[in-house]
Structure formats: structure tokens, C-alpha cells
Amino acid sequence: QVQLVESGGGLVQAGGSLRLSCAVSGRTFSSTSMGWFRRAPGKEREFVAAISWIYGLNYADSVKGRFTVSRDNAKNTVYLQMNSLKPEDTAIYYCAASRDGSISVYERTYDSWGQGTQVTVSS
């Protein structure tokens with residue numbers, strides 16, 4: 001059974017930085033693509049970023065130039081470095097895994113999800 005556990009969320013002032021981590025177990029991590037999504041209060045969950053050994057990287061326009069997704073295959077962990085945070089980045093952040101190597105923006109292409117970690121950016 002695949003398990004994804006996020007960590008690293010918290011409260012930060014606008015302009016600050018946070019790094020989220022997602023530890024993966026129960027699957028061959030190196031061949032799994034990983035995505036980050038977020039759900040802001042009162043909004044639908046949306047795509048943030050994804051990383052795949054086949055297709056590379058993908059970012060939502062709203063985070064390009066500020067967020068960086070990376071992975072450490074030796075630690076079975078994917079990271080989301082978030083810089084220049086804005087109040088509108090406030091959300092619950094979820095990591096997700098996809099067997100097919102996709103870096104799609106669509107939730108349906110990811111088959112396993114973490115429980116989420118709260119990020120709050122104060123103005």
C-alpha cells in the first residue's frame with residue numbers, strides 16, 4: 001500500500017519561504033511521478049507542480065519563478081520549495097503520486113494522495 005506523508009507546512013509572513021516534504025513508501029519511488037496540489041479556503045483543489053523522470057517538470061502559472069519542485073530518490077522524498085510567498089498561497093497542500101509518469105495538471109491522473117499540510121501566509 002502506497003503511503004504519502006507531507007510535512008513542513010506552517011505560518012509565514014508574506015515574502016517568506018517554506019519547504020514542504022512528502023515522504024513516499026510502498027512503491028518504487030524512482031519511477032513514480034509526483035505532483036503537488038493545493039486547496040484554498042472555499043476553492044477547488046488546484047494543480048501546483050509536478051516532477052517526472054520521463055517528462056521533467058511542470059508548474060502552474062501562478063507559482064512559476066517562485067516555487068521549485070525537486071526529488072531525492074535515495075530518500076523517497078519529493079520537495080516543494082516555496083519562495084516569495086503571498087497571502088493567496090494560503091491553502092492545504094497535498095502531494096500525489098502517479099504510476100504513469102504523468103506531470104498532468106488533472107487530479108484523476110494521480111492514484112495516491114497524502115493527507116495534506118496547512119500553509120498560511122499572513123499579510
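Starting from 1, each residue takes its place in the sequence as its number. The figures here come from the full heavy-atom set of this structure, side chains too, leaving out hydrogens, waters and symmetry mates.
Put simply, the side chain of Val121 does not reach to within 4.5 Å of the side chain of Glu88, judged on heavy atoms. Between Val119 and Met82 the shortest side-chain heavy-atom distance falls below 4.5 Å.
The pair Arg38-Glu46 meets the salt-bridge criterion, with a side-chain N (NZ, NE, NH1 or NH2) lying under 4.0 Å from an Asp/Glu carboxylate O. One finds a salt bridge joining Asp61 and Lys64 here, because a Lys/Arg side-chain nitrogen approaches an Asp/Glu carboxylate oxygen to under 4.0 Å.
For Val69 against Tyr59, the heavy-atom pair with the smallest separation is N-OH, 2.9 Å. Leu4 and Ala97 make their closest contact through CD2-N, 3.8 Å (heavy atoms, listed as atom of the first residue, atom of the second, distance). Nearest heavy atom pair, residue Tyr94 against residue Gly114, reads CD2-O, 3.7 Å. Nearest heavy atom pair, residue Asp72 against residue Tyr79, reads CB-CE1, 3.9 Å.
One N or O on the side chain of Thr77 and one on the backbone of Lys75 form a donor-acceptor pair closer than 3.5 Å.
To the nearest 0.5 Å, atoms CG (Asn76) and SG (Cys22) are separated by 10.5 Å.
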- Show your working on side-chain contact (heavy atoms from CB on, under 4.5 Å) between Arg27 and Gln3 and close with a plain yes or no. CA-CA 8 Å; Arg27 177 178 292 177; Gln3 288 191 322; over 6 Å; no

- Query: Checking side-chain contact (heavy atoms from CB on, under 4.5 Å) for the pair Val78/Ile51: CA distance, chi angles, key distance, verdict?
  - Reply: CA-CA 9 Å; Val78 62; Ile51 183 168; 4.0 Å; yes

- Can you check side-chain contact (heavy atoms from CB on, under 4.5 Å) on Met34 and Phe29, steps first, answer last? CA-CA 9 Å; Met34 299 296 300; Phe29 180 72; 3.9 Å; yes

- Task: Please report the C-alpha distance between Val48 and Leu80 in whole Å, then the side-chain angles of each, then the deciding distance to 0.1 Å, and finally whether the side-chain contact (heavy atoms from CB on, under 4.5 Å) criterion is met.
- Result: CA-CA 9 Å; Val48 175; Leu80 184 67; 4.1 Å; yes

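The hydrophobic cluster containing Val5 does not contain Trp113, counting ILVMFWY residues as joined when their side-chain heavy atoms lie under 4.5 angstrom apart, directly or transitively.
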Per-pair distances, 0.1 Å, donor-acceptor, side chain in residues 6-20, under 3.5 Å, sequence neighbours excluded:
from  : atom 1 : to     : atom 2 : distance (Å)
Glu6  : OE1    : Gln115 : N      : 3.0
Glu6  : OE1    : Gln115 : NE2    : 3.4
Glu6  : OE1    : Gly116 : N      : 2.9
Glu6  : OE2    : Cys95  : N      : 2.9
Glu6  : OE2    : Gly116 : N      : 3.2
Ser17 : OG     : Asn83  : OD1    : 2.9

What pairs of donor and acceptor atoms, side-chain ones from residues 99-107 against any protein atom, are under 3.5 angstrom apart with sequence neighbours left out?
from   : atom 1 : to     : atom 2 : distance (Å)
Asp100 : OD1    : Ser98  : OG     : 2.6
Asp100 : OD1    : Ser102 : N      : 2.9
Ser102 : OG     : Ser104 : N      : 2.8
Ser104 : OG     : Tyr106 : N      : 2.9
Glu107 : OE1    : Arg45  : NE     : 3.3
Glu107 : OE1    : Arg45  : NH2    : 2.9

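Partners of Arg71 under the salt bridge (Lys or Arg N to Asp or Glu O under 4.0 Å) rule, at least two apart in sequence or in another chain, do not exist in this structure.
Note: Trp36 and Phe47 fail the aromatic proximity criterion, with ring centroids not under 6.0 Å apart.
Ring geometry for Tyr93 versus Phe67: interplanar angle of 30 to 60°, hence tilted.
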